[in-house]
Amino acid sequence: MNRILLLPGDGIGPEVVREARAVLELVSRRFDLKLEFEEALIGGSAIDAEETPLSDATVARARECQAVLLGAVGGPKWDDMPVDIRPEKGLLRIRKELGLFANLRPASVFPALAAASSLRPEIVDGIDLLVVRELTGGIYFGEPRGRATVEGTREARNTMVYDEHEVARITRVAFEAAQGRRQHLTHVHKANVLDVSQLWMDVVEEVARDFPDVELAHQLVDSCAMLLVREPARFDVIVTGNLFGDILSDEAAMITGSLGMLPSASLGEGGVGLFEPVHGSAPDIAGQDVANPLATILSVAMLCEHSLGASEAARAIEAAVTGVLEDGHRTGDLVLGDENVETIGCTEMGERVREKLS
Ligand code: IPM
Ligand code: MG
């Protein structure tokens with residue numbers, strides 16, 4: 001049996017995971033994937049029930065599984081808590097504990113959704129990029145960190161630190177991804193200011209020698225943010241550190257139409273993979289059955305591909321999502337302000353995808 005751990009989390013997490021799980025159950029039967037599901041708490045719901053955003057017991061269970069499917073964490077209820085015990089800490093901890101250093105965030109346009117982008121259609125046309133974000137290092141985890149009051153003045157610090165091995169292994173993942181795509185890799189950095197980025201430059205260049213078939217470019221992070229709205233189709237694979245990757249992947253998602261469409265995979269050296277939508281817990285719409293489950297459903301496709309070796313199932317899920325969008329079905333996030341389109345809810349969107357699949 002392949003064990004799948006579900007961590008629905010907070011906000012819209014439980015609703016989107018419920019729809020994605022039903023999709024996974026369906027493809028499990030159709031492609032004989034022999035899946036077995038279990039569920040545990042993470043984030044705010046874990047704080048409320050277990051007094052920690054991620055318990056040791058849940059980490060131990062995750063290690064025994066083939067893959068983890070996560071919804072989202074966080075919400076206003078826990079917003080005033082110190083960073084060390086907030087819901088987000090649960091997410092950071094599970095990434096770190098499972099050694100998931102490589103975060104893959106593909107952003108491409110579904111032609112049926114081109115109109116939902118805030119960019120002009122001719123600019124959106126052809127967007128098909130992959131952000132490879134380093135996920136277990138950098139300023140998210142660096143020490144020293146913390147807040148203090150020094151001689152009556154409040155101060156705070158975080159540390160951006162990478163060693164050459166951390167940079168080399170994520171760079172390899174990105175080059176390998178580029179080999180299977182359009183053979184172009186953009187390394188995003190801030191080497192005009194940061195020592196850390198200068199190390200990345202050196203290491204990326206060294207790793208590049210093993211991948212002569214891939215064209216490498218270096219791009220400053222600020223100008224990359226600009227180019228992503230000006231000429232997004234020029235990008236194939238982007239590799240960058242934890243913080244820049246967090247920011248640019250939201251931007252990349254939005255230019256394709258909606259943050260509600262972007263899936264992600266977090267992988268390490270073998271072992272268990274973690275799959276989650278890039279969007280957050282959206283507490284403002286939680287529990288109203290209006291969330292878009294497609295990013296989580298597409299994350300399930302990535303789970304099939306990367307953790308189960310079931311590419312056929314992955315392609316079937318993607319085709320079903322494409323089909324549903326081509327039929328004109330939309331959740332609220334996929335409709336721009338002035339468009340007059342009827343929208344459907346989270347449950348119905350999930351049902352439509354499953355209809356297409358069966
Ligand atoms: C993401 C999220 C997380 C991150 C938060 C919730 C900690 O924004 O997965 O992109 O910053 O990594
Ligand atoms: Mg983010």
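- Residues Asp48 and Trp78 come closest through the heavy atom pair OD1-NE1, 3.1 Å.
- For Glu19 and Arg21, the salt-bridge test fails: no basic side-chain N is under 4.0 Å from an acidic carboxylate O.
- Between the side chains of Asn242 and Tyr162, no donor-acceptor pair is found at a separation under 3.5 Å.
- Side-chain atoms of Thr58 do not come within 3.5 Å of backbone N or O of Leu54 as any donor-acceptor pair.
- Relative to the ring axis of Phe141, Lys96 places its NZ or CZ within 45° and under 6.0 Å from the centre.
- Salt-bridge formation is detected for the pair Arg120/Glu122: a Lys NZ or Arg NE/NH1/NH2 atom is positioned less than 4.0 Å from an Asp or Glu carboxylate oxygen.
- For the atom pair CG of Leu259 and NE2 of His279, the computed distance is 7.5 Å after rounding to the nearest 0.5 Å.
- Other residues, nucleotides and ligands contribute over 12 non-hydrogen atoms within 6.0 Å of the CD atom of Glu143.
- Nearest heavy atom pair, residue Val27 against residue Ala313, reads CB-CB, 4.3 Å.
- Considering only residues two or more places apart in sequence or on other chains, Phe110 meets the ring-ring contact (aromatic ring centres under 6.0 Å, His included) condition with none of them.
- The backbone N or O of Tyr140 lies less than 3.5 Å from a partner atom in the side chain of Arg145, making a donor-acceptor pair.
- Under the side-chain contact (heavy atoms from CB on, under 4.5 Å) criterion, Ser108 pairs with Asp128, sequence neighbours left out.
- Considering only residues two or more places apart in sequence or on other chains, His218 meets the ring-ring contact (aromatic ring centres under 6.0 Å, His included) condition with His187.
- Of the charged side-chain nitrogens involved, none lies within less than 4.0 Å of a carboxylate oxygen, so that Glu342 and Arg330 do not count as a salt-bridged pair.
- No donor-acceptor distance shorter than 3.5 angstrom exists from the side chain of Asp327 to the backbone of His329, with no hydrogens or angles considered.
- For the pair Asp79 and Arg86, the salt-bridge criterion is met [side-chain N within less than 4.0 Å of a carboxylate O].
- Under the 3.5 Å distance criterion, the side-chain polar atoms of Ser197 are matched with a main-chain donor or acceptor of Lys190.
- The shortest side-chain heavy-atom distance between Cys304 and Ile317 falls under the 4.5 Å cut-off.
- Salt bridge annotation for Glu38-Arg3: present, with a cationic side-chain nitrogen under 4.0 angstrom from a carboxylate oxygen.
- Listed for the Asp10 side chain is a donor-acceptor partner under 3.5 Å among the backbone atoms of Gly44.
- In terms of heavy-atom proximity, Val237 sits nearest to Ala174 at CG1-O, 3.9 Å.
- A salt bridge is absent between Glu176 and Arg181; no separation between the charged side-chain nitrogens and carboxylate oxygens falls under 4.0 Å.
- Proximity of a side-chain donor or acceptor of Glu155 to a complementary backbone N or O of Val150 within less than 3.5 Å is not detected.
- Taking the ring centre of Phe101 as origin, the terminal cationic atom of Arg169 falls inside the region bounded by 6.0 Å and 45° from the ring axis.
- Panel note: side chain Arg315, backbone Ala310; no donor-acceptor pair is recorded below 3.5 Å.
- Legend: residues meeting side-chain contact (heavy atoms from CB on, under 4.5 Å) with Glu97, ordered by chain and number and at least two apart, are Val59, Arg63, Arg93.
- Here the CD atom belonging to Glu36 is positioned 10.5 Å from the OG atom belonging to Ser28, to the nearest 0.5 angstrom.
- Considering only heavy atoms from C-beta on, Met81 comes within 4.5 Å of Ile47 through its side chain.
- Think of Leu41 as one node in a network of Ile, Leu, Val, Met, Phe, Trp and Tyr side chains linked at under 4.5 Å; it has no links at all.
- Leu334 and Ser258 get closest at one heavy-atom pair: CD2-CB, 3.5 Å.
- Side-chain N/O atoms of Ser223 and Gln219 include a donor and acceptor closer than 3.5 Å.
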Listed pairs under 3.5 Å, donor-acceptor, residues 206-217 side chains, sequence neighbours left out:
from   : atom 1 : to     : atom 2 : distance (Å)
Asp210 : OD2    : Arg172 : NH1    : 3.4
Asp210 : OD2    : Arg172 : NH2    : 2.9
Asp213 : OD1    : Gln179 : NE2    : 3.2
Asp213 : OD2    : Gln179 : NE2    : 3.0

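- With hydrogens and angles ignored, the 3.5 Å screen pairs no side-chain donor or acceptor of Ser117 with any backbone N or O of Ala114.
- The 12-atom threshold is not exceeded at CD of Glu312, counting heavy atoms of other residues, nucleotides or ligands nearer than 6.0 Å.
- There is no side-chain donor-acceptor pair under 3.5 Å between Thr52 and Ser55.
- Under the 4.0 Å criterion applied to side-chain N and carboxylate O atoms, Glu348 and Arg352 are assigned as salt-bridge partners.
- Side chain of Asp236 to main chain of Leu185: no donor-acceptor pair is present (N/O by atom type, distance under 3.5 Å, no hydrogens or angles).
- Using a 4.0 Å cut-off between charged side-chain N and carboxylate O, Glu231 and Arg234 make a salt bridge.
- Looking at heavy atoms from C-beta onward, Val272 lies out of side-chain contact with Ser307 at the 4.5 angstrom threshold.
- Heavy-atom minimum distance, Pro293 versus Gly350: CG-N, 4.1 Å.
- When all heavy atoms of Leu129 and Ala252 are compared, the pair lying nearest together is CD1-CB, 3.9 Å.
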Quiz prompt | Ile94 and Leu274: CA distance, side-chain angles, deciding distance, side-chain contact (heavy atoms from CB on, under 4.5 Å) verdict | solution = CA-CA 9 Å; Ile94 196 161; Leu274 180 139; 3.8 Å; yes
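- Ser266 places no side-chain N or O within donor-acceptor distance of the main-chain N or O of Asn103, the cut-off being under 3.5 Å.
- Looking only at side-chain heavy atoms (C-beta outward), Pro263 and Pro277 stay at 4.5 Å or farther from each other.
- Leu228 is connected to Val109 through a chain of hydrophobic side-chain contacts under 4.5 Å among Ile, Leu, Val, Met, Phe, Trp and Tyr, so both are in one cluster.
- The neighbour count for Asp80 CG, taken as heavy atoms of other residues, nucleotides or ligands under 6.0 Å away, does not exceed 12.
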